2 protein chains.
Amino acid sequence: MQKYSKQTRLLLAVDCIVFGFDGEALKILLIKRGFQPEKGNWSLMGGFVQPDESLDQASNRILKELTGLEGVYLEQLHTFGDPQRDPIERTVSVAYFALIDINKYKKQISDDYHAEWFTMKRTPKVIFDQQEMVELAKKRIRYKAAMHPILFELLPSKFTIPQLQNLYENVFNTAIDKRNFSKRVLATGLLIKLNEKDKAGSKRGAYYYQLNMHNYYSKFQAFMNFIPNPDSISAS
Amino acid sequence: MQKYSKQTRLLLAVDCIVFGFDGEALKILLIKRGFQPEKGNWSLMGGFVQPDESLDQASNRILKELTGLEGVYLEQLHTFGDPQRDPIERTVSVAYFALIDINKYKKQISDDYHAEWFTMKRTPKVIFDQQEMVELAKKRIRYKAAMHPILFELLPSKFTIPQLQNLYENVFNTAIDKRNFSKRVLATGLLIKLNEKDKAGSKRGAYYYQLNMHNYYSKFQAFMNFIPNPDSISAS
DNA sequence: CCAAAAGTGTTAGCGCTACACCCATGA
DNA sequence: TCATGGGTGTAGCGCTAACACTTTTGG
């Protein structure tokens with residue numbers, strides 16, 4: 001026996017939703033699609049799965065080809081298989097999401113790859129069912145960030161507590177009391193205070209912190225319960 | 001433009017992990033595979049996605065064809081795409097998990113379809129990478145059940161609090177104090193007490209409850225935080 | 001010296017956990 | 001009547017949320 005005869009073979013694609021944070025707002029990365037149909041329209045980073053690569057390999061390859069990004073946090077989200085989702089030919093797409101620090105790659109992405117960052121509120125129309133993918137990805141990162149420290153992936157390796165709080169407030173779209181916030185994050189034991197200040201945000205300056213990588217891995221499973229308003233967060 | 005030329009098409013399959021609870025233990029359903037390779041060996045409910053159906057439709061169809069189950073809780077889990085996972089030909093598989101009340105379908109499943117239930121501890125070897133799928137599914141239901149009331153899908157429409165507690169103790173593999181347990185579940189407002197007792201489990205009998213469906217849907221997003229030992233539960 | 005952001009402590013209330021005894025009934 | 005499982009109440013503790021003032025320093 002060599003093959004499963006009589007079965008139909010389908011195109012399989014990967015689409016990546018790339019989230020970034022620049023200290024101000026949570027953003028997603030889009031590019032202008034390079035081929036028909038919908039050529040020139042805004043799209044997620046997507047491409048076809050090749051015969052010899054796994055899905056994780058495909059998503060990493062596509063992300064690198066379209067943005068130069070490599071070694072970033074990338075996680076499978078959901079697979080979309082509506083028969084009509086691509087008008088040209090049936091294509092099933094495995095969606096992934098990535099989390100990166102915008103500033104680390106800002107110049108490279110815009111100069112070399114012509115991708116652009118958009119805030120959540122001002123995202124242009126994207127092709128096919130990609131809006132649905134983006135919505136699901138937003139729900140998933142909120143859901144996961146409520147219990148796991150994944151949002152650190154969006155920050156530079158040195159960051160301040162006000163920056164971190166700003167990120168959480170963005171992702172959960174809520175205001176958090178800064179006294180309670182700093183107590184909680186410091187209580188996790190995940191942060192190491194540095195003898196250095198970020199003077200960009202204020203005159204007084206805010207201390208930099210970095211992740212305690214040992215504690216990070218051991219506490220990844222159970223971080224803090226950070227759901228400010230659980231009803232606003234959806235199931236995976 | 002009619003097709004994406006030059007791209008390779010792949011086989012796409014669906015595999016369903018069916019969980020059931022019989023009042024005693026959490027079990028999964030397996031069948032003897034009906035075709036080569038691995039014909040006759042224990043397998044999840046699987047089949048190929050057809051050209052005109054979505055992934056959700058495919059999983060529902062396959063579950064019905066192989067077990068007669070219809071209208072049950074079914075949720076997409078993860079997509080497995082290692083190029084070598086099927087030795088005959090590359091096949092990417094979208095895994096789903098289902099939750100059912102074993103007793104409701106027990107006779108039908110064993111008599112008509114020759115599927116069998118196995119406890120978690122005594123699961124036989126399954127084909128390909130299906131063991132990995134089962135492990136991931138177990139993690140996922142624990143993870144989700146810690147915050148959402150999905151485990152009611154495993155119970156009959158009338159159930160007792162000791163039965164419910166037994167289910168939670170099974171899924172989380174832990175002992176729970178019965179006073180605290182009943183306080184918590186009753187406090188959710190999801191249960192309606194019936195004027196009827198289950199006398200099977202004890203002489204005195206335990207009151208039956210049923211779900212308050214209105215509250216069930218409105219409280220689905222935020223149930224109770226039921227993680228008894230967070231470190232034992234893995235991320236999705 | 002003033003504006004703007006960083007940093008820090010206390011209290012009250014709620015929720016969770018721990019814990020033990022009585023009830024109902026079939027055998 | 002006794003063994004078995006069902007059902008219930010309370011007290012202490014820990015965690016969380018609410019809340020305001022001082023510090024620093026560039027302009």
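Just so it is clear, the structure is predicted and the values come from calculations on it, not from any experiment. Within every chain, numbering begins at 1; the chains are lettered A, B, ... in the order of the sequence lines, protein sequences first and strands thereafter.
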Is the shortest side-chain N/O distance from B:Arg184 to OP1 or OP2 of C:dG15 below 4.0 Å? no
Return whichever of B:Asn180 or B:Gln163 has its heavy-atom-nearest nucleotide of DNA chain D closer to the 5' end. B:Gln163
Please report, rounded to the nearest Å, how far the P atom of D:dG6 is from the CG atom of B:Leu186. 14 Å
Minimum-distance nucleotide to A:Ser202 side chain [options: C:dT8, C:dA18, C:dA6]: C:dA6
side-chain N/O B:Arg179 vs D:dT10 OP1/OP2, d < 4.0 Å: no
Rounded distance (Å) that lies between atom P of C:dG15 and atom CZ of B:Phe181: 19 Å
Angle between ring planes, A:Phe220 versus A:Tyr216, binned at 30° and 60°: parallel, tilted or perpendicular? perpendicular
Contacts of A:Lys193 and A:Lys203 projected onto DNA chain C by closest heavy atom; the upstream (5') one is A:Lys203
Please say whether more than 12 non-hydrogen atoms of neighbouring residues, nucleotides or ligands are located less than 6.0 Å from CD in A:Glu169. yes
Start with the C-alpha gap between B:His148 and B:Tyr73, add the side-chain angles, then the distance that decides, and say whether ring pair (Phe, Tyr, Trp, His ring centres under 6.0 Å) holds. CA-CA 14 Å; B:His148 306 287; B:Tyr73 184 94; over 10 Å; no
A:Asp198 CG to C:dG7 C1', in whole Å, measures 15 Å
Just how far, in rounded Å, is P of D:dC19 from CD1 of A:Ile176? 16 Å
State, with a plain yes or no, whether a side-chain heavy atom of B:Ser43 is found less than 4.5 Å away from one of B:Gln130. yes
Nucleotide of D:dG7, C:dA18, C:dC19 approaching B:Asp177 most closely (side-chain heavy atoms): C:dC19
Whole-Å distance, B:Lys178 NZ to C:dA18 P, equals 16 Å
Does B:Tyr96 reach the side chain of B:Leu77, with side-chain heavy atoms less than 4.5 Å apart? no
What is the distance from CG of A:Leu164 to P of C:dA5, rounded to the nearest Å? 18 Å
For a quick check of understanding: with a heavy-atom distance under 4.0 Å over all strands, which category does B:Lys197 fall into, base, sugar-phosphate or nothing? nothing
What I want to check is whether an N or O donor and acceptor connect the side chain of A:Arg204 with the base of C:dA6 at under 3.5 Å. yes
Measure the distance from OH on A:Tyr208 to P on C:dA6 and round it to the nearest whole Å. 12 Å
Gap between atoms OH and C1', on A:Tyr207 and D:dT23 respectively (whole Å): 11 Å
Remember a base hit wins even if backbone is also touched, and classify A:Lys199 as base, sugar-phosphate or nothing at under 4.0 Å, heavy atoms. sugar-phosphate
